[in-house]
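Please read these numbers as outputs of a predicted model, since none were measured by experiment. We name chains A, B, ... by the order of the sequence lines, and we start the count at 1 in each one.
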Number of protein chains: 2
Amino acid sequence: MARIADVARAAGVSASTVSYVLSGRRRISAETRERVLQAVRDLGYTPNAAAGALAAGRTRTIGLVAPHCEDLTAAIIQQFVHTIMEVARGRDHDVLLIDPAAGSAALRRVIDSHLVDGVILMDTDETDQRAATLEESGVPAVVLGTPEGTDLPCVDLDFAAAAALAVSHLAAQGSAGVALMSPPELVGPPGKGYARHAVSGFTAAPGPPRTVRVCEPTWPGVEAWLSSVSHDLDRLTGVVVQHEAALPPLLGLLRRHHRDDVTVVPICPSAIARQLESPLDHVEIPVAEMARTAAETLFRQLTHAGHATSHLFEPHLVRAS
Amino acid sequence: MARIADVARAAGVSASTVSYVLSGRRRISAETRERVLQAVRDLGYTPNAAAGALAAGRTRTIGLVAPHCEDLTAAIIQQFVHTIMEVARGRDHDVLLIDPAAGSAALRRVIDSHLVDGVILMDTDETDQRAATLEESGVPAVVLGTPEGTDLPCVDLDFAAAAALAVSHLAAQGSAGVALMSPPELVGPPGKGYARHAVSGFTAAPGPPRTVRVCEPTWPGVEAWLSSVSHDLDRLTGVVVQHEAALPPLLGLLRRHHRDDVTVVPICPSAIARQLESPLDHVEIPVAEMARTAAETLFRQLTHAGHATSHLFEPHLVRAS
DNA sequence: TTGAAAGCGTTACCAC
DNA sequence: GTGGTAACGCTTTCAA
């Protein structure tokens, strides 16, 4: 494989000139540049990443801690990962996976060995050790979620507002009693911020009587959940669902029990709402936008070395078309 | 951050000794090793990955091309990715994501810049350009699926046998007419090998009358599919499903139409079969085992530099418990 | 059992 | 506008 010296020789210039042509960090005469680029093409030269990283002190790689899940949520995560990779590639960076199960140690190892220039941490807890580790390490980083006690830039949907929006949508339809179906991640410690935020937004919003219950994402789990909330409320007419994986069983069971008086408003990505048994009005989780924002917030730190800011997305209601 | 020279100084040895202690590639006296390790701990030394990669000519990183999907299949992919990462970490390697949408060019770039020591390519077509690129590049690699015209080691489930097994299971129950629900990926070019293999195994197996149709993974899509196959067959009593995302709508619609005379046998991971409306006998896709095998096949090439062999998994029927 | 030193292939500073 | 060259931090051969 050709090295930079080979290209330099072929083009009749020095190695540094080749480097500058390729990086564009120096003015090079048009003729010289053309000769160099021709030599690069002729020899099929591709710079050695390790050598570049060693010399320049940056790897052009970002680390990504993505959670591992077994249900419909996996599709969301993938969307996220994919979008982040898109942004990264657009800036000539690569993406290294960091094991979410390995916690702070994995982060420390990857950072200390200088494998990455920055990190995106998904799926943070309310008190997230990894976020603390990240902050203390000093690498550029962005977290998804709203962990407490960190100054790292966060990106998240405003889940309190999202739940409130769902309630007001149901209230406007004249709902008599509304239940929030929360994911098991609500219960901690450590709990997930988004679950807790949704509960507070749900509870605080004006409207009909309400109840909140956690649900297992299985058919029997949803069946049990339904009977619980039916006890909690005089009359159940609306369900706010913050638990994608439970949606197919919920819709199936409501239909089976002929409960078409119950309106379901999920808080979920539109891609998931579209795959359901019946199209539903929903509060959208703008996954791609959030991922893009997270990635761009990271790159802002990598390039301008400027301070990055958090971004809390406003929820929007998407009507079933 | 401490460098190897700092550790060497602190331990009163040379840098090479530190390197050897850490790599274990040379016998070191117990006392020296202890002193070195102590210094490593004291200074919090972590070797610089780029420097190591440059000097040793290997990155301890493997590349992974994982497909991007929007439905239930995403959970399978994640399981795969997660298992591969587990194996990689067990061998002190990291995993770099390679954009599946960027085709051969992405592979070439990653390989030519020596970002990775080997590659795992998922979701190959029957005639896969990327597999060809990979083979020609000469890097250690493993592909999932059975692309034609490559000598790269392949890992896959024997989908022909899997479909045949599903048919024989239905035949044993006295099924009168069986339909295969194929994924849209059946139609090419380029088509997916697994879809084509399933069709041939399905068709060739002895048993009741059969029909094969492709299905869109939506409720209307499945509705349309059901009416097509009902025309094809005198009497539909069994469905072999090679299309995870279509399972929830299929089960929902069969129930809605009170077709409990129809038995559904999916070819899918057990994790997915378990999340369904009703537990189903299914032909298992052993995702974790396949991922593990793929990763280990790659590492066999990385370490022994020996020739790796393909692995076609025998299908097994898993009964709903 | 250990050390010295020559690379590995870039980048970027300092000259010209 | 271009070239020389010293890093970057490690691995590994050669010598002792």
Practice task
Scan A:T32 against the nucleic acid and name what it touches under 4.0 Å (heavy atoms): base, sugar-phosphate only, or nothing.
Solution key: sugar-phosphate
Exercise for the section: Measure the OH-CD distance between A:Y194 and A:E185 for me, rounded to the nearest 0.5 Å. Expected result: 4.0 Å
Handout entry: Integer-rounded Å distance: C:dA4 P and B:R9 CZ
Key = 13 Å
Handout entry: A:R3, nearest nucleotide to its side chain (from C:dG9, C:dT11, D:dT12)
Key = C:dG9
Handout entry: Which nucleotide in C:dT2, C:dC8, D:dG1 has an atom nearest any side-chain atom of B:A55
Key = C:dC8
Practice task
Measure from CG on B:D117 to P on D:dT11 and round the result to the nearest Å.
Solution key: 14 Å
Handout entry: Pair A:F313-A:I285, side chain to side chain contact (heavy atoms under 4.5 Å, CB included): steps then yes or no
Key = CA-CA 9 Å; A:F313 280 75; A:I285 302 181; over 6 Å; no
Problem - Base C:dT1 to side chain B:R26, donor-acceptor N/O within 3.5 Å cut-off - result: no
Fill in the blank from the handout: Taken to the nearest whole Å, CZ/B:R58 to P/D:dC10 is 13 Å
Practice task
Could you check which of C:dT11, D:dG3, D:dC10 has an atom nearest any side-chain atom of A:I4?
Solution key: C:dT11
Exercise for the section: Return the value, rounded to whole Å, for the distance between atom CE of A:M1 and atom C1' of C:dG9. Expected result: 13 Å
Exercise for the section: Answer yes or no: does a side-chain N or O of B:S16 lie under 4.0 Å from OP1 or OP2 of C:dA4? Expected result: no
Problem - Worked check of ring pair (Phe, Tyr, Trp, His ring centres under 6.0 Å) between A:H82 and A:F80 - result: CA-CA 5 Å; A:H82 183 252; A:F80 230 105; over 10 Å; no
Practice task
Please state how far atom CG in B:D112 lies from atom C1' in C:dT10, giving the value in whole angstrom units.
Solution key: 16 Å
Completion exercise
When rounded to whole Å, the NE2 to C1' distance for the pair B:H114 and D:dT11 reads 17 Å
Exercise for the section: Check whether any side-chain heavy atom of B:D94 sits under 4.5 Å from a side-chain heavy atom of B:R60, and report yes or no. Expected result: no
Handout entry: Candidates D:dG1, D:dG9, C:dT10 - which lies nearest the side chain of A:L54
Key = D:dG9
Handout entry: Under 3.5 Å side-chain donor-acceptor pair for A:S16 and A:S19
Key = no
Problem - Polar side chain donor-acceptor pair, A:S14 to A:T17, under 3.5 angstrom - result: yes
Completion exercise
Double-helix bend of the helix from C:dT1-D:dA16 to C:dC16-D:dG1, axes at both ends from 5 pairs, round to 10°, gives 30°
Problem - Any B:S19 side-chain N or O less than 4.0 Å from OP1/OP2 of D:dT11 - result: yes
Handout entry: Nearest to side-chain heavy atoms of A:R25, which nucleotide of C:dA12, C:dG9, C:dG3
Key = C:dA12
Completion exercise
Which of D:dT12, D:dT2, D:dG9 is nearest the side chain of B:N48? It is D:dG9
Practice task
Measure from CD1 on B:I28 to C1' on D:dT11 and round the result to the nearest Å.
Solution key: 13 Å
Handout entry: Residue A:T17, side-chain atoms from C-beta onward, closest of D:dG3, C:dG3, C:dT11
Key = D:dG3
Completion exercise
With the side chain defined as heavy atoms from C-beta on, A:Y20 is closest, among D:dC10, C:dC13, D:dT12, to C:dC13
Problem - Check: B:T61/B:H93 side-chain N/O donor and acceptor closer than 3.5 Å - result: no
Problem - Residues B:Q38 and B:R35: side-chain donor-acceptor under 3.5 angstrom - result: no
